[in-house]
A.B. asks: 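After the C-alpha cells below, expect a handful of questions from me.
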Amino acid sequence: MVAGGSGQVARALVGAAPSEAADVVALGRPHLDLTDPASVEAAVRAAAPDIVINAAAYTAVDQAETDEAGAHALNAAGAGLLAAAAARAGAPILHLSTDYVFSGDKAAPYTERDEPAPTGAYGRSKLAGEQAVAGANPRHAIFRTAWVYSPFGKNFAKTMLQVAETRDELSVVHDQVGNPTSAQDIARSLWQVAAQAAASPAALVPGIYHMTSAGEASWAEFAEEIFRVSAACGGPAARVRRITTPQYPTPALRPANSRLDCARLAAQFGIILPHWRASTQTCVEDLLKIKGWTS
Ligand SMILES: NC(=O)c1ccc[n+]([C@@H]2O[C@H](COP(=O)([O-])OP(=O)(O)OC[C@H]3O[C@@H](n4cnc5c(N)ncnc54)[C@H](OP(=O)(O)O)[C@@H]3O)[C@@H](O)[C@H]2O)c1
C-alpha cells in the first residue's frame, strides 16, 4: 500500500511496481486522508497490506511557514497514525523524509549520525514525523531524500522548462548545493528495500537512511543541465544567470548545504542511486516526449 495518490513519488512507485507488487494500491485523498484517524484506520484495514510506503506529505515548504499546524497535522501526526495503523495490520512501513531536517551549516555531506536542526516549519514537521513513525511502528525504515523531480506533479525541472518557453534568461541560486534526485530512482530503490524486507524481515534494520542520487549540484547547475539536455533535443532552453540566496528571498530559509551521504543505504541494502545527470537526462527526455511541463 502506497500512501499518496497524485504525488511525484507515489506515481513513480505505481509506475515502477515490480511483478511481485502487481496488486499495489496507491491511496490519496479522498480515499485516504492522513489527517483523519478514522480514514487512516479504514484504508489500512481494507488494504491489508504486506508493507506500507508513505509518500504522502505536506510539501509546500514556503506555505508551511504560515501553516505550521497544517504541516504538522500531515507530516508528523498523520505519519504517526499511518505507522501505527500499519503496525496493527502487522505491516512494516517505509517512510520518506527530507534533507530540510538539517540546518545546512555543515561543510561536508550530512550522515544519519548528524544532529538535525531544521530552520523552517516544513523541516520541523518532517523531523517530528520521523520520530512519530519510529515511535509507532518498530518495523520501520525512514529514507531522507532531496530535490525531487519527475515527469509528474510540480517540481523544479518542469518549472524550468515551463519558464524557458517565454524567457531567454533565468536567475537561479548557485550557493545552495544538494543532490537532485529522480522520483523514479527513489521508487525503484524503495521497491528493492521492500523486496528485501519481504524475503527476510530481519533485512529491514530499523532506522534512518539517506537516499539521494549520486553526485551533487547547485540549483543553477541543475538548471543548466536541464537546459543542456532540452536544447539538444530541440526543447525549451534558457541561459542561466547564477545568483546568490539573498538575491532570491523566500519565506522559508533553505539549507546552503543539502548534500546527504548515502553510505548507510549502500552498506545495508546494497543500493546506490544513479548519478543525477543521467537521471536528469532521462526525465527531461521523457518530459519532452509528452510536452509534460505544460501539465
Ligand atoms: N519534493 C521534494 O523536493 C522533496 C524533497 C525531500 C523530501 N521529499 C519527501 O518525499 C516524499 C514525497 O514527496 P513528493 O515530492 O512526491 O510530494 P508531492 O508530489 O507533493 O505529493 C504529496 C502527496 O501527498 C498526498 N497528500 C496530501 N495531503 C494528504 C492528506 N491529507 N492525506 C493523504 N495524502 C495526502 C497527495 O496525494 P493526493 O493529492 O492525491 O491526496 C500527494 O500524493 C514526501 O515525504 C516529501 O516530504 C520531497
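Just so you know, ligand 1 is whichever comes first in the structure, and atom 1 is the first atom listed for that ligand.
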A.B. asks: Would you find a donor on one side and an acceptor on the other, under 3.5 Å apart, between the side chain of Asn179 and the backbone of Ala214?
C.D. replies: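 Between the backbone of Ala214 and the side chain of Asn179 there is no qualifying donor-acceptor contact (under 3.5 Å).
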A.B. asks: Check each atom of ligand 1 against the heavy atoms of Gly4 and keep those under 4.0 Å away; list them by number with element.
C.D. replies: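 Counting atoms of ligand 1 from 1, those under 4.0 Å from Gly4 are 43 (O).
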A.B. asks: Going by the order shown, which atoms of ligand 1 are within less than 4.0 Å of some heavy atom of Ala56?
C.D. replies: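 In order of number, 23 (C), 24 (O), 25 (C), 34 (N), 35 (C).
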A.B. asks: In the protein, which heavy atom is nearest to atom 31 (N) of ligand 1, and how far is it?
C.D. replies: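 Residue, atom and distance for the closest contact: Asp33 OD1, 2.9 Å.
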A.B. asks: Do side-chain atoms of Ser213 reach the backbone of Pro180 as a donor and acceptor pair under 3.5 angstrom?
C.D. replies: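 Yes, because the side chain of Ser213 sits within donor-acceptor range (under 3.5 Å) of the backbone of Pro180.
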A.B. asks: Does ligand 1 have any atom that is closer than 4.0 Å to a heavy atom of Ala55?
C.D. replies: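 Yes, that is the case, since the closest heavy atom of the residue is under 4.0 Å from the ligand.
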A.B. asks: State, with a plain yes or no, whether a side-chain heavy atom of Val172 is found less than 4.5 Å away from one of Tyr248.
C.D. replies: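 They are not in contact (no side-chain heavy atoms under 4.5 Å apart), so the answer is no.
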A.B. asks: Whether Glu130 and Arg144 form a salt bridge (side-chain N of Lys/Arg under 4.0 Å from carboxylate O of Asp/Glu) is what I want to check.
C.D. replies: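 Yes.
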A.B. asks: Any chance you could lay out the side-chain hydrogen bond (donor to acceptor under 3.5 Å, both in side chains) test for Gln196 and Gln192, step after step, and finish with the verdict?
C.D. replies: CA-CA 6 Å; Gln196 292 183 30; Gln192 284 181 46; 5.1 Å; no
A.B. asks: Would you mind checking which non-hydrogen protein atom is closest to atom 42 (C) of ligand 1, with the distance to 0.1 Å?
C.D. replies: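 Of the protein heavy atoms, Gly7 N, 3.5 Å lies nearest.
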A.B. asks: Within the distance-only criterion (no hydrogens, no angle test), does the side chain of Ser279 pair as donor or acceptor with the backbone N or O of Trp276 below 3.5 angstrom?
C.D. replies: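 Not at all, since once roles are kept as given, no pair shorter than 3.5 Å links the two residues.
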A.B. asks: Which residue owns the protein heavy atom closest to atom 30 (C) of ligand 1, what's the atom, and how far is it?
C.D. replies: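 Atom 30 (C) of ligand 1 sits closest to the protein heavy atom Arg29 CD, 3.5 Å.
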A.B. asks: Check for a donor-acceptor pair, side chain of Tyr58 on one end and backbone N or O of Ala73 on the other, with a separation under 3.5 Å.
C.D. replies: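 No.
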A.B. asks: Looking only at protein heavy atoms, which one is nearest to atom 20 (O) of ligand 1, and what is the separation?
C.D. replies: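 In this structure, atom 20 (O) of ligand 1 has Thr59 OG1, 2.6 Å as its nearest protein heavy atom.
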A.B. asks: For Asn137, does its backbone N or O pair with a side-chain atom of His140 as donor and acceptor, under 3.5 Å?
C.D. replies: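 Flag set: sc His140 to bb Asn137 pair under 3.5 Å.
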A.B. asks: Classify the ring geometry between Phe143 and Phe269 as parallel (under 30°), tilted (30 to 60°) or perpendicular (over 60°).
C.D. replies: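 Because their plane-to-plane angle lies in the 30° to 60° range, the rings of Phe143 and Phe269 count as tilted.
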A.B. asks: Which of the atoms in ligand 1, numbered in the order shown and given with their element, are less than 4.0 Å from a heavy-atom of Leu32?
C.D. replies: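 Contacts of ligand 1 toward Leu32, numbered from 1: 32 (N), 33 (C).
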A.B. asks: Checking the side chain of Lys154 only, and the main-chain atoms of Thr159 only, is there a donor and an acceptor separated by less than 3.5 Å?
C.D. replies: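 The answer is no, because no donor-acceptor pair under 3.5 Å joins these two groups.
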A.B. asks: Considering non-hydrogen atoms of the protein only, which is the closest contact for atom 48 (C) of ligand 1, and what is the distance?
C.D. replies: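 Ranked first by proximity to atom 48 (C) of ligand 1 is Val148 CG2, 3.8 Å.
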A.B. asks: At a non-hydrogen distance cut-off of under 4.0 Å, which region of Lys126 contacts ligand 1 (side chain, backbone, both, or neither)?
C.D. replies: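 For Lys126, the contact with ligand 1 is made by the side chain alone.
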A.B. asks: Mark up the atoms of ligand 1 that fall under 4.0 Å of a heavy atom belonging to Gly28, in ascending order.
C.D. replies: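 Taking each heavy atom of Gly28 in turn, ligand 1 has 40 (O), 41 (O) under 4.0 Å.
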A.B. asks: Report the part of Leu74 (side chain from C-beta onward, or backbone N, CA, C, O) that has a heavy atom under 4.0 Å from ligand 1; answer both or neither where that applies.
C.D. replies: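 The part of Leu74 near ligand 1 is the side chain, not the backbone.
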A.B. asks: So is there a nitrogen or oxygen of Ala146 less than 3.5 Å from a nitrogen or oxygen in ligand 1?
C.D. replies: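 For ligand 1, there is no N or O atom that lies under 3.5 Å from one belonging to Ala146.
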A.B. asks: What residue and heavy atom of the protein are closest to atom 7 (C) of ligand 1, and at what distance?
C.D. replies: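 Of every protein heavy atom, Ser97 O, 3.3 Å lies nearest to atom 7 (C) of ligand 1.
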A.B. asks: Can you tell which of Arg241, Gln247, Arg242 makes a side-chain hydrogen bond (donor to acceptor under 3.5 Å, both in side chains) with Ser171?
C.D. replies: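 Among Arg241, Gln247, Arg242, the one meeting side-chain hydrogen bond (donor to acceptor under 3.5 Å, both in side chains) with Ser171 is Arg241.
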A.B. asks: Determine whether Ser230 and Leu161 make a side-chain contact, defined as any pair of heavy atoms from C-beta on separated by less than 4.5 Å.
C.D. replies: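 Yes, side chains in contact.
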A.B. asks: Yes or no: does Ala26 have any heavy atom under 4.0 Å from an atom of ligand 1?
C.D. replies: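 No heavy atom of Ala26 comes that close to ligand 1.
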A.B. asks: Please work out which of Asn54, Thr145, Leu96 has its closest non-hydrogen atom nearest to atom 11 (C) of ligand 1.
C.D. replies: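 Going through Asn54, Thr145, Leu96 one by one, Leu96 has the nearest heavy atom to atom 11 (C) of ligand 1.
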A.B. asks: Considering non-hydrogen atoms of the protein only, which is the closest contact for atom 15 (O) of ligand 1, and what is the distance?
C.D. replies: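 Scanning the protein heavy atoms, the shortest distance from atom 15 (O) of ligand 1 goes to Gln8 NE2, 3.1 Å.
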A.B. asks: Using a 4.0 Å heavy-atom cut-off, say whether Ala183 meets ligand 1 through its side chain, its backbone, both or neither.
C.D. replies: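 Looking at Ala183 and ligand 1, no heavy atom falls under 4.0 Å.
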A.B. asks: Run down the list Ala57, Pro30, Ala60 and name the one with the heavy atom closest to atom 44 (C) of ligand 1.
C.D. replies: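 Result: the heavy atom closest to atom 44 (C) of ligand 1 is in Ala57.
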A.B. asks: Any idea which of Ala10, Ser6, Ala187, Gly123 brings a heavy atom closest to atom 38 (P) of ligand 1?
C.D. replies: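 Of the listed residues, Ser6 has the closest heavy atom.
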A.B. asks: Starting from atom 47 (O) of ligand 1, what is the nearest protein heavy atom, named by residue and atom, and what distance separates them?
C.D. replies: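 Minimum-distance protein heavy atom for atom 47 (O) of ligand 1 reads Tyr122 OH, 2.7 Å.
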A.B. asks: One residue to check: Trp147. Relative to ligand 1, which of side chain, backbone, both or neither has a non-hydrogen atom less than 4.0 Å away?
C.D. replies: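 Looking at Trp147 and ligand 1, just backbone atoms fall under 4.0 Å.
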A.B. asks: Please check this pair: side chain of Arg254 against backbone of Ala252, looking for a donor-acceptor N/O pair closer than 3.5 Å.
C.D. replies: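 Side chain of Arg254 to backbone of Ala252, a donor-acceptor pair under 3.5 Å: yes, one is there.
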